[in-house]
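None of these values were measured; they are calculated from a predicted model. Residue numbers begin at 1 in each chain, while the letters A, B, ... track the order of the sequences.
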Amino acid sequence: MSATAGTAGRQRVVRVLPDVPAIDKEFDYLVPDGVAVHVGDVVRIELHGRRVGAWVLALDVEPEPGVVLKALAKVSGRGPGPEVLELAEWAAWRWAGRRASFLRTAAPPGVARFTTGTASTGRGEPVPTGDELLDRALGAGRGVLRLGPAADRYPLVRAAALAARGAGGQTLVLCPSVDEAWGLGRRLRREGLRVAIVASDGPGSAATGEWIHAATTAQVVVGSRAAAWAPAPRLARVLVLDEHDEAYQQERSPTWHARDVVAERARRAGVPCVVVSPCPSLEALAWGELVEPGRGAERGAWPRVEVVDQRELDPGLGPLFSPRLVDLVRGDGRVLCILNRTGRARLLACATCRTIARCEVCDAAVGIDGVDDGGLGALACGRCGATRPPVCLECGGARFKNLRLGVSRAREELEALAATPVAEVTATTAPEDPAVASARVLVGTEALLHRVPRADAVAFLDMDQELLALRYRTAEQAFALVARAARTVARGAGRDGRVLVQTRTPDHPVLVAARLGDPARLVASDLPLRRALGLPPATAMAVVSGEAAPAYVDALGHPLDVRVQGPLDGAWRLVAPDHRTLCDALAAVERPPGRLRIEVDPLRL
DNA sequence: CGGACAAGCTGA
DNA sequence: CAGCTTGTCCGG
């Protein structure tokens with residue numbers, strides 16, 4: 001039961017944080033004699049009758065008098081070092097989360113046992129690359145490098161890695177996806193660099209080895225979102241590729257953003273951080289110094305973006321299929337058609353009385369999901385799940401007009417138009433579906449752009465769906481979608497690649513910017529709008545929801561400079577002029593018991 | 001979080 | 001008043 005060590009002499013005492021997110025409290029434990037512990041190590045402790053994991057926060061602490069201490073049950077292995085521990089503390093403030101939830105991400109994927117060598121810190125001046133733009137980016141302390149979608153980011157990564165290596169330092173590189181991290185990592189390894197690819201594959205896998213590599217001998221550490229927390233004891237530089245990608249933000253609360261985590265990490269380490277994107281977010285532009293290529297160079301890195309006005313269409317082809325699109329799908333290149341609506345029909349009107357089909361129960365518009373043999377399937381409500389036979393509630397008519405085609409129906413119609421098999425891809429399509437690999441023409445939701453890396457053309461069948469959505473980041477998100485399509489065709493067809501956009505708002509700033517390959521155009525229209533409406537990044541926001549939200553908002557009160565709006569659908573919105581004000585106010589509130597979601601920097605409102 | 005223990009409700 | 005649910009507290 002109690003410590004095995006003798007009573008003579010002084011027992012070492014460490015302070016730990018249990019790996020139980022609900023307990024954000026520190027406890028003191030005795031260290032058994034002859035056991036080595038370091039700050040950040042992962043240990044096991046007996047807490048209230050059960051064994052749980054914990055992190056060592058501090059060594060040789062003075063325990064509060066009158067508390068009977070237990071001994072550590074076990075030292076499991078090395079964990080995040082002191083720098084990452086402090087970073088977790090900062091992140092807990094910045095995203096109103098608990099330290100344990102960040103440390104879980106930062107801990108090695110398995111049990112890590114290793115000994116550290118001597119950690120020499122090297123910063124090193126970048127060696128000139130011969131490319132004026134890259135040199136400018138690498139010279140910036142906080143750089144936002146804008147590169148068109150077709151531009152190769154590899155020379156930048158390589159130059160950064162080599163410069164850091166020269167001085168004995170490490171370069172941390174983030175990519176939006178694990179696949180990209182692996183691709184980039186392998187390419188860097190072929191240069192002779194020692195690369196740790198930190199892309200967690202679950203406990204006990206090769207990932208533990210990569211984590212140890214990052215903590216010890218690696219010269220470059222590459223990974224996706226979670227790699228923001230990877231060890232890098234000799235950090236010399238940070239790069240974030242495709243900084244605008246929403247995959248960098250965690251969806252679950254705490255909604256931390258990897259770009260912001262590594263930017264803070266670089267700041268604390270006193271090393272430069274460069275983020276790269278064809279369409280830098282307004283957040284990034286507010287944070288760093290923009291480094292942009294010349295107009296001609298940037299435009300040259302955008303493929304041709306053709307905009308088709310759907311208001312002037314051939315009525316015979318229907319609203320989704322312009323003559324230009326028909327040309328594309330009848331050609332011989334690989335064409336991806338994007339339509340962000342699943343199912344067959346999302347909006348139906350009675351063929352007789354023209355009434356929109358609505359749900360009997362909740363009044364939402366109803367559609368048809370399943371593909372059945374010829375006749376109409378049941379009308380299904382996407383909101384409440386109710387279904388009913390396809391009969392008009394107004395006039396009893398049984399025939400409906402499809403006002404908004406879904407992907408399934410669009411596939412059938414495209415197949416007829418293109419006279420070739422057309423594959424359908426949605427988020428639920430099996431990863432190894434053979435039709436996806438073989439089809440020349442594909443139609444799907446934006447999941448299609450994630451699934452298929454290269455194509456000759458990408459066509460957005462109904463861009464207004466993206467352009468006119470009621471989200472505050474709509475324009476940025478729509479532009480990022482076009483940029484992704486642009487990269488897909490740049491990879492597939494180079495200068496001959498085509499992006500086709502069908503829309504009823506051809507003069508939308510997103511489309512003007514895309515046509516000209518000039519993201520600054522979009523910033524010029526979006527930023528003043530966000531400022532005028534008091535939206536991020538002109539302000540800092542948080543959305544509080546969950547059963548404990550009323551108690552939380554009550555406890556928050558009305559701090560100076562924080563506006564509390566709501567509740568709307570059980571959620572409150574908190575708006576402050578900046579993150580310091582917002583996060584300080586959030587940190588001052590004691591969490592009431594119960595489910596609570598605090599979403600700092602919400603992607604949607 | 002999850003166990004411990006106290007305070008409340010039910011039924012014979 | 002046993003037997004059970006529900007709530008509150010606390011962990012080294």
Side-chain angles (χ1 to χ4, degrees), chain A residues 1-77 79-80 82 85-86 88-89 91-93 95-109 111 202-203 229 250-256 544-556 586-599:
Chain A
M1 43 160 255
S2 65
T4 50
T7 44
R10 248 169 93 128
Q11 277 259 281
R12 287 177 298 155
V13 176
V14 289
R15 188 152 292 161
V16 304
L17 180 75
D19 180 10
V20 184
I23 310 175
D24 197 19
K25 200 182 156 193
E26 298 168 10
F27 297 87
D28 295 341
Y29 281 80
L30 297 168
V31 183
D33 282 334
V35 170
V37 275
H38 315 79
V39 171
D41 277 0
V42 180
V43 295
R44 286 195 82 73
I45 55 170
E46 188 118 341
L47 183 69
H48 214 59
R50 61 201 173 112
R51 275 203 173 191
V52 294
W55 292 279
V56 175
L57 298 179
L59 306 174
D60 303 317
V61 296
E62 198 62 48
E64 277 172 55
V67 189
V68 181
L69 301 186
K70 288 184 173 167
L72 295 175
K74 183 183 170 196
V75 177
S76 308
L85 228 46
E86 281 173 29
E89 198 152 316
W93 167 82
W95 286 282
R98 277 148 172 168
R99 283 173 293 175
S101 56
F102 297 103
L103 290 174
R104 275 185 180 180
T105 314
V111 174
W229 299 95
Q250 175 138 65
E251 282 181 41
R252 288 199 333 231
S253 167
T255 53
W256 58 276
V544 180
S545 59
E547 68 173 70
Y552 185 89
V553 173
D554 194 49
L556 176 75
L586 294 175
V589 185
E590 196 158 337
R591 255 178 197 250
R595 293 196 134 274
L596 180 68
R597 179 175 160 88
I598 304 178
E599 204 182 346

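Atom CD in A:Glu547 sits about 11 Å away from atom P in C:dG7, given to the nearest Å. Per the geometry, CG belonging to A:Leu17 stands 15 Å off P belonging to C:dG12, to the nearest Å. One can place CD of A:Glu64 at 10 Å from P of C:dG11, the figure rounded to the nearest angstrom. Following rounding to the nearest Å, A:His48 (NE2) and C:dC10 (C1') show an atom-to-atom distance of 6 Å. Rounded to a whole Å, the CD1 atom of A:Ile45 is 14 Å from the C1' atom of C:dC10. Spacing between atom CZ of A:Arg50 and atom C1' of C:dC10 amounts to 11 Å, rounded to whole angstrom units. When rounded to the nearest whole Å, the span between CZ of A:Arg51 and C1' of B:dC1 equals 18 Å. Distance CD (A:Glu62) to C1' (C:dG12): 14 Å, rounded to an integer number of Å.
Checked against A:Leu72 for a side-chain contact (heavy atoms from CB on, under 4.5 Å), the options A:Val14, A:Val35, A:Asp41 give a single hit: A:Val14. Under the side-chain contact (heavy atoms from CB on, under 4.5 Å) rule, A:Tyr29 has a single partner from A:Val56, A:Leu47, A:Val61, which is A:Leu47.
Comparing atom distances between the A:Tyr29 side chain and each of C:dG12, B:dC1, B:dG2 picks out C:dG12 as nearest. Closest approach to the A:Ala22 side chain among C:dC10, B:dC1, C:dG12 is made by B:dC1 (side chain taken as heavy atoms from C-beta onward). Here the side chain of A:Leu69 is nearest to one of B:dC1, B:dG2, C:dG12, namely C:dG12.
Heavy atoms of A:Arg15 sit nowhere under 4.0 angstrom from any nucleic acid atom. In this structure, A:Val13 reaches neither bases nor backbone, as no heavy-atom distance under 4.0 Å exists between it and the strands shown.
The aromatic rings of A:Phe102 and A:Trp95 are tilted relative to each other, their planes meeting at an angle between 30° and 60°.
By the 4.5 Å heavy-atom criterion applied to side chains, A:Asp19 and A:Leu103 are not counted as neighbours.
Note on A:Lys25: a side-chain N or O is less than 4.0 Å away from OP1 or OP2 of C:dG11.
The shortest non-hydrogen separation linking A:Gln250 to A:Trp256 is OE1-NE1, 2.6 Å.
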